[in-house]
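One structure below.
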Amino acid sequence: MRRQADLLATLVNLAAPGRSQGSPYTPPPAGEVMALFTAELSGHHATALRAVPHAAAGLTDLAADFREVFTAPDLAASVELLNALIARCHALPYLTRDTGQPYHLHFHGAGDAVAALGGELATGLALVVDSLGEDRFGLCQAHACDRVYIDLTRNGSRRFCSTGCSSRAKTAAYRARRA
Ligand SMILES: [Zn+2]
């Protein structure tokens, strides 16, 4: 679940224009988003993704669809979009055993590697909501940042995209108290 959550936030934050940690953010071209993202994947997943025709465009579209889950006006709307993504990617749970590892559950979508990834990431976020509770994902609350985060903390306290934004917000709050 942590792996899928990390990949999902990375993908959305790479591809979405907006503001990142206090500065304007313009995403690199789709090909570069794809190169940066596949660098985070294991070898065979990266190879499978690169083999898909128009994978870079597909990945950018997927990132935009996922971002809407984070920017929807309320949780019900987010969940509706997330369920639609799970259905569209035909995410199917199955047990698999990678070399030397115990059986564990995968949710690769059916279809090409982009759909497979979409199914895996969408189901991963659904599992976060199911197992950890509501209010577990959102947009960074720091000033001039709209990057997404997924909160896997035990007490559900995360509100920032990064430690950088967390310290910026703490400093701002401290200054506001002093003023
Ligand atoms: Zn942030």
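Note that the structure is predicted; figures quoted are calculated from it, not measured. In listed order, ligands and their atoms are each counted from 1.
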What protein atoms of element N, O or S are positioned under 2.8 Å from the Zn ion (ligand 1)?
C140 SG, C145 SG, C161 SG, C165 SG
Shortest non-hydrogen contact from A91 to T123?
CB-OG1, 3.4 Å
L85 versus L62: any side-chain heavy-atom pair under 4.5 Å?
yes
Set of residues satisfying side chain to side chain donor-acceptor pair (under 3.5 Å) with respect to D112, sequence neighbours excluded
none
Residue list, side chain to side chain donor-acceptor pair (under 3.5 Å) with R159, at least two apart or on another chain:
D135
Hits for side chain to side chain donor-acceptor pair (under 3.5 Å) against S157, two or more places apart or cross-chain, chain-then-number order -> N155
Give a yes or no on this: more than 12 heavy atoms of other residues, nucleotides or ligands lie within 6.0 Å of atom OH of Y94.
yes
